[in-house]
Each structure stands twice: as structure tokens, then as C-alpha cells.
Q: 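Let me give you the structure first, and then I'll get to my questions.
Heads up: numbering here begins at 1 and tracks the sequence. We use all heavy atoms of the structure for the numbers below, so side chains are in, but hydrogens, waters and symmetry mates are not. In each ligand, atom 1 is the first atom listed, and ligand 1 is the first ligand listed.
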Amino acid sequence: MAEIMYIVIPCYNEEEMLPITAKELMKKMDALKAQGRIDGKSKVMFVDDGSKDKTWQIIRQLHSLSDMFTGVKLSRNKGHQNALLAGLMTAKDYADIIVSMDADLQDDINAVDGFLDKRAEGCDIVYGVRSSREKDTAFKRNTAQAYYKILEKMGVEITYNHADYRLMSKRAVEALGEFEEVNLFLRGIVPMVGFKSDIVTYVRNERVAGESKYPLKKMIAFAVEGITSLSVKPIRFITFLGILVFLISLIMLIYFLVTWAAGDTVRGWASTITSVWAIGGLQLLAIGIIGEYIGKIYLETKARPKYIIETNLEENQ
Ligand code: UDP
Ligand code: MG
């Protein structure tokens, strides 16, 4: 039986883009419905992230034009990730499966067919992965690639070249809702949900209209968020640095003792320098150890679910 699919789209000042996006999605949804791949009650849900332009008026217009379009409006601008989460949490009450995508159609909407194929194979989460980033600027491409590598080093489980274009089942979104953290980096949290998942590759396009809502400043903030909300490894680095500096001070001490024995020293210098390094190293080490505990507290305060049950035979009788 075909499932009810909601497509959730966060929109921030997208008045130029929305009419085009709506038209394309209407075609796509109609086709999918005609093929019987999705239920007739499937919809596109726009989330207005506190836009300052006519975005909300356009969403209301679309809604009055067709049942296929619906929307929610946030009380103010909360950023892409929060807007997306708001949409997912609202849509899960009406839908069986939820696809998230950007308003600018940079992600090929035809990849949804692939998503649905994977869903039919029993996947709860399907990640859209860009097969090439030729259409992105060289700067964005290179920084993004370097960033994925850093995240990997920090022990963050993340799908390479996957942004927030994905399909999730109702139960996967419900499980995601149990992650109570305020610092949101969805593409790092979704893999923690588990369940059977797969990827579908697609070619990423250029933004058709309007400008990127992610200027460099927001991009950097987002990147820092990704690391600090998912990894406590930077703290461990301080501990490592402390041990390293302390070891250097020991090596210096040995070196100075040897040169002293050889009778070649400046008075007072060796002891001063060695103690500067030794104390510095010990201080860094101490900060690192305190940091370890703060890291633990940090993870505790996130109150993440300790487990998510996929099947309970007691309930499935
Ligand atoms: N967006 C949002 N709130 C914001 C910034 C962006 O909801 O504060 C939405 C935006 O409307 C778009 C998506 O997030 O649908 C991705 O933004 P954009 O395409 O500008 O990012 P880029 O593709 O340049 O990384
Ligand atoms: Mg974009």
C-alpha cells in the first residue's frame, strides 16, 4: 500500500524561489501519485523560518490554491536546522514518510524515486548523496571536503557529501525527536538514530533563483557547531598537548644536566626555562583533565536516548 509522503522544506526569504519550486514539486507529486507510488494525501510542507519578505504570503496562496501545499510559520528566524526540525516534528503526525529538501531545488527532486525504491526495500532512512559538486563554487567544494575529513577525524559518524536531503520514516523521525539537544547538527545526529538505511546519489544543481542564505559567517558557525555539538575530542587534544609539553620539559632537563656535567652552562637559565615548560605542561594537562569531566557533563546534559527499540514482539502480535 502506498504511504503518505510529506516533503518538508525550510524557507528563509525565498519569495523568488518558491513559485518555481512549487510548480516543479506539484508536477513531481502528481506523477508519483498517478503512479501509485505515494498516497493521494501526500503533501508539500513549507516551513517559513521567520522570513522578512513575502515568503509566508506565497505559502498561504499556494495552500489556498491546492490541498497539496501546506505550511507552518515559525515565530522568528531560527536557522535552517531548527526550521527543518520544526517541519519534521510537525509532519510526522500526518505522514508515514518524510522527505526533507531545500527550497532552491539544488537537490534533484527526481532522486525521490530512488528514495521510494529504498523505502520499499525496507529502509527507514535514505540519504541523498551528491555524486559531484561541480556546480558548487570551488571554494565551497574544497572547504566542504576538508570539513568532512576533520569531522571524521573527530570521530563523528557522517555520510560524505550528504546535506539535509533525505527520506525518513515516521518512526525514525519519532526517534530523532527523542534527542533533546538544543545544539542541532542534524546530519550528524540522524545516523545515531540507527535503523536500516541506504544512500541514493544524485547530481547537485545550481541555485535557480535568489541568493544563498548561507553566507560565510553562517557557514563557519555551522561548521563549528558540527564539531562542538558532536565531539569532545578537542578537549582531549588539550590533554595530549599538556603531556607533550611536560615531556619536552623533561627532555630539556636531561639535556641541561648533561651540558652542566660537561661544564658548559649559563647560571640560572636552565632551571628557569625548564620550570616554565614543566609548569606550562602540567597546567595544560590539568585543564585537559577538568575538560574531560566537562565533556562528560556536556554529553549528559544532551539527554540523548540510550537506545531506540526497532521491533518489540510483544507489541506486534
Ligand atoms: N534557510 C532557512 N533559514 C535560514 C537560512 C536558510 O530556513 O536561516 C533555508 C533556505 O531557505 C533553504 C535552505 O535553508 O531552503 C538552504 O539554504 P541555502 O540554499 O541558501 O544554502 P546553500 O545551498 O547555499 O548551502
Ligand atoms: Mg542551496
Q: Report the member of Lys78, His80, Glu14, Met17 with the shortest heavy-atom distance to atom 10 (C) of ligand 1.
A: Glu14
Q: Looking at ligand 1, would Lys218 count as a contact under a 4.0 Å heavy-atom criterion?
A: yes
Q: Considering heavy atoms of the protein only, find what lies nearest to atom 17 (O) of ligand 1 and give residue, atom and distance to 0.1 Å.
A: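 Answer, as residue, atom name and distance: Tyr214 CD1, 3.9 Å.
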Q: Which residue supplies the protein heavy atom nearest to atom 20 (O) of ligand 1, what is that atom called, and how far is it?
A: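 Nearest protein contact, heavy atoms only, for atom 20 (O) of ligand 1 is Lys213 N, 2.4 Å.
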Q: Below 4.0 angstrom, N of the basic side chain to O of the carboxylate: do Arg204 and Asp107 qualify?
A: yes
Q: Which single N/O/S atom of Asp104 lies at minimum distance from the Mg ion (ligand 2)?
A: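 Looking at Asp104, the N, O or S atom with the least distance to the Mg ion (ligand 2) is OD2.
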Q: Please confirm whether Ala103 comes within less than 3.5 Å of ligand 1 when only nitrogen or oxygen atoms on both sides are compared.
A: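 Yes, at least one N or O pair falls under 3.5 Å.
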Q: Applying side chain to side chain donor-acceptor pair (under 3.5 Å), run through Lys52 and Tyr12 and close with a yes or a no.
A: CA-CA 8 Å; Lys52 293 179 181 65; Tyr12 179 59; 3.3 Å; yes
Q: Do ligand 1 and Pro10 have nitrogen or oxygen atoms that lie under 3.5 Å from each other?
A: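 Among all N and O atoms of Pro10, at least one is under 3.5 Å from an N or O of ligand 1.
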Q: Could you find the nearest protein heavy atom to atom 18 (P) of ligand 1 and give me its residue, atom name and distance?
A: Arg207 NH2, 3.4 Å
Q: Assess whether ring-ring contact (aromatic ring centres under 6.0 Å, His included) is satisfied between Phe115 and Tyr202, documenting all intermediate values.
A: CA-CA 11 Å; Phe115 288 2; Tyr202 65 94; 7.7 Å; no
Q: Name the closest protein heavy atom to atom 23 (O) of ligand 1, giving the residue it belongs to and the distance to 0.1 Å.
A: Gln106 OE1, 2.7 Å
Q: Of the options Lys196, Lys170, Arg171, which is the one that meets Asp124 in a side-chain hydrogen bond (donor to acceptor under 3.5 Å, both in side chains)?
A: Arg171
Q: I need the nearest protein heavy-atom contact for atom 25 (O) of ligand 1: residue, atom name and distance, please.
A: Lys140 NZ, 3.0 Å
Q: Can a salt bridge be assigned to the pair Asp117 and Arg37 using a cut-off of 4.0 Å between side-chain N and carboxylate O?
A: yes
Q: Please find out if less than 6.0 Å separates the ring center of Phe69 from that of His63.
A: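 No, too far apart.
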Q: Inspect the contact between Asp48 and Arg60 and indicate whether a charged nitrogen and a carboxylate oxygen are less than 4.0 angstrom apart.
A: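 Salt bridge: no.
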Q: Would you call Asp164-Arg187 a salt bridge at under 4.0 Å N-O?
A: yes
Q: Tell me: protein heavy atom nearest atom 19 (O) of ligand 1, and distance?
A: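 It is Asp104 OD2, 2.5 Å.
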Q: Can you tell me if NZ on Lys296 sees more than 12 non-hydrogen neighbours from other groups inside 6.0 Å?
A: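 Incorrect, the count does not exceed 12.
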Q: Give the residue and atom name of whichever protein heavy atom lies nearest to atom 1 (N) of ligand 1, and the separation in Å to one decimal.
A: Tyr12 CB, 3.7 Å
Q: Considering only heavy atoms of Arg204, which atoms of ligand 1 have at least one such atom less than 4.0 Å away?
A: 23 (O)
Q: For atom 16 (C) of ligand 1, which of Asp102, Leu74, Leu105 has the closest heavy atom?
A: Asp102
Q: Under 4.0 Å from any heavy atom of Cys11, which atoms of ligand 1 are there?
A: 7 (O), 11 (O)
Q: For the pair Phe185 and Tyr147, name the ring-plane relationship: parallel under 30°, tilted 30 to 60°, perpendicular over 60°.
A: perpendicular
Q: Checking a contact table here: which protein heavy atom is nearest atom 4 (C) of ligand 1, and how many Å away?
A: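 For atom 4 (C) of ligand 1, the nearest protein heavy atom is Asp49 OD2, 3.4 Å.
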Q: Would you mind telling me if ligand 1 is within reach of the side chain of Asn77, the backbone, both or neither, using heavy atoms under 4.0 Å?
A: side chain
Q: Could you check whether atom NZ of Lys33 has more than 12 heavy atoms from other residues, nucleotides or ligands sitting under 6.0 Å from it?
A: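 Result for NZ/Lys33: enclosed.
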